[in-house]
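Note that this is a predicted model, so its numbers are computed, not measured. Throughout, a chain's letter reflects where its sequence line sits, starting with A, and its residues are numbered from 1. The analysis underlying the following values was restricted to heavy atoms, covering all of them including side chains, and did not include hydrogens, waters or symmetry mates.
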Amino acid sequence: DSGVTQTPKHLITATGQRVTLRCSPRSGDLSVYWYQQSLDQGLQFLIQYYNGEERAKGNILERFSAQQFPDLHSELNLSSLELGDSALYFCASSVGDQPYEQYFGPGTRLTVT
Amino acid sequence: AQSVSQHNHHVILSEAASLELGCNYSYGGTVNLFWYVQYPGQHLQLLLKYFSGDPLVKGIKGFEAEFIKSKFSFNLRKPSVQWSDTAEYFCAVNPLRGQNFVFGPGTRLSVLP
């Protein structure tokens with residue numbers, strides 16, 4: 001157990017819908033990172049938040065957005081869902097603003113039908 | 001754009017065989033290098049990391065990796081694999097001046113008992 005929690009574990013939804021994935025970092029970690037893992041794209045960095053502020057952006061679509069709340073948990077919002085958004089979404093956390101040692105959560109499996 | 005390649009998609013070995021998984025990256029500046037492992041049904045875990053200093057890095061579970069700067073490589077090795085090493089292995093690169101964390105496509109290792 002890494003100490004990073006993600007909910008829900010599984011999510012099945014239809015195209016065009018909007019979903020919210022939640023992540024709670026390890027106690028004391030200020031950074032949260034979001035990744036998407038799919039069969040065709042592999043593991044891709046989406047976005048990082050550090051202490052409530054966006055710190056880095058990767059291959060995140062405009063339909064996706066994230067935020068980090070004062071209690072440091074983070075939410076990833078995915079809207080206008082497409083079949084190709086079906087993937088495993090991981091969150092990771094680290095102490096500082098550099099991803100030197102990230103701890104990954106168990107992931108949320110999103111299936112878009 | 002920076003990228004990380006892993007030489008093999010799927011490696012099959014018998015127990016006690018030696019393992020070497022290749023990883024090459026395309027980034028000219030200074031980087032931090034990582035190997036992560038994902039056991040079946042589990043989250044990603046850090047195996048080892050290289051920041052600077054001795055290019056031979058030892059990690060958990062008997063794994064080690066060697067950074068060869070001239071070859072832009074960071075190969076993972078283990079002298080004698082066990083059935084429990086069956087997993088997917090990801091090489092990752094983090095440029096010092098950037099935040100993006102780039103993962104390789106992964107190598108699936110199957111160890112036959």
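- Hydrophobic clustering (side-chain heavy atoms under 4.5 Å, transitive across Ile, Leu, Val, Met, Phe, Trp, Tyr) keeps Leu109(B) apart from Leu112(B).
- In this structure, SG in Cys91(A) is found 11.5 Å from NE2 in His43(B), a value given to the nearest 0.5 Å.
- Under a hydrophobic-cluster definition in which Ile, Leu, Val, Met, Phe, Trp and Tyr are linked whenever side-chain heavy atoms come within less than 4.5 Å, directly or via other members, Leu81(A) and Leu88(A) are assigned to different clusters.
- Ranked by heavy-atom pairs under 4.5 Å with chain A, the first of Phe103(B), Phe34(B), Tyr36(B) is Phe103(B).
- Two residues are said to be in side-chain contact when any heavy atoms from C-beta on lie closer than 4.5 Å; Phe101(B) and Gln44(A) fail this criterion.
- In terms of hydrophobic clustering, with Ile, Leu, Val, Met, Phe, Trp and Tyr side chains grouped at heavy-atom distances under 4.5 Å, Trp34(A) and Val19(A) are assigned to a common cluster.
- Applying the 6.0 Å contact sphere to NE2 of His9(B) captures no more than 12 heavy atoms from other residues, nucleotides or ligands.
- Proximity to chain A (any heavy atom under 4.5 Å) is restricted, for Leu46(B), to the side chain, taken from C-beta onward.
- Remark: Arg108(B) CZ is loosely packed, at most 12 non-hydrogen atoms of other residues, nucleotides or ligands lying under 6.0 Å away.
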Which pairs would a plain distance check flag for residues 74-82 of chain B, meaning a side-chain donor or acceptor within less than 3.5 Å of a matching protein atom at least two apart in sequence or in another chain?
unit_1, atom_1, unit_2, atom_2, d
Asn75(B), OD1, Cys23(B), N, 3.0
Asn75(B), ND2, Glu20(B), OE2, 3.2
Arg77(B), NH1, Glu66(B), OE1, 3.1
Arg77(B), NH2, Glu66(B), OE1, 3.4
Lys78(B), NZ, Lys61(B), O, 2.9
Lys78(B), NZ, Asp85(B), OD1, 3.1
Lys78(B), NZ, Asp85(B), OD2, 2.9

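- Phe90(A) and Leu21(A) are members of different hydrophobic clusters when ILVMFWY side chains are connected at heavy-atom separations under 4.5 Å.
- Contact residues of residues 101-113 of chain A toward chain B are Glu101(A), Gln102(A), Phe104(A), Gly105(A), Pro106(A) (heavy-atom distance under 4.5 Å).
- Within the 4.5 Å cutoff, no side-chain heavy atoms of Phe45(A) are placed close to those of Val102(B).
- Looking at Gln38(B), only its side chain comes within 4.5 Å of chain A, counting heavy atoms on both sides.
- Val57(B) and Val37(B) end up in the same hydrophobic cluster when Ile, Leu, Val, Met, Phe, Trp and Tyr side chains are linked at under 4.5 Å.
- Within 6.0 Å of CG on Leu39(A) lie no more than 12 heavy atoms contributed by other residues, nucleotides or ligands.
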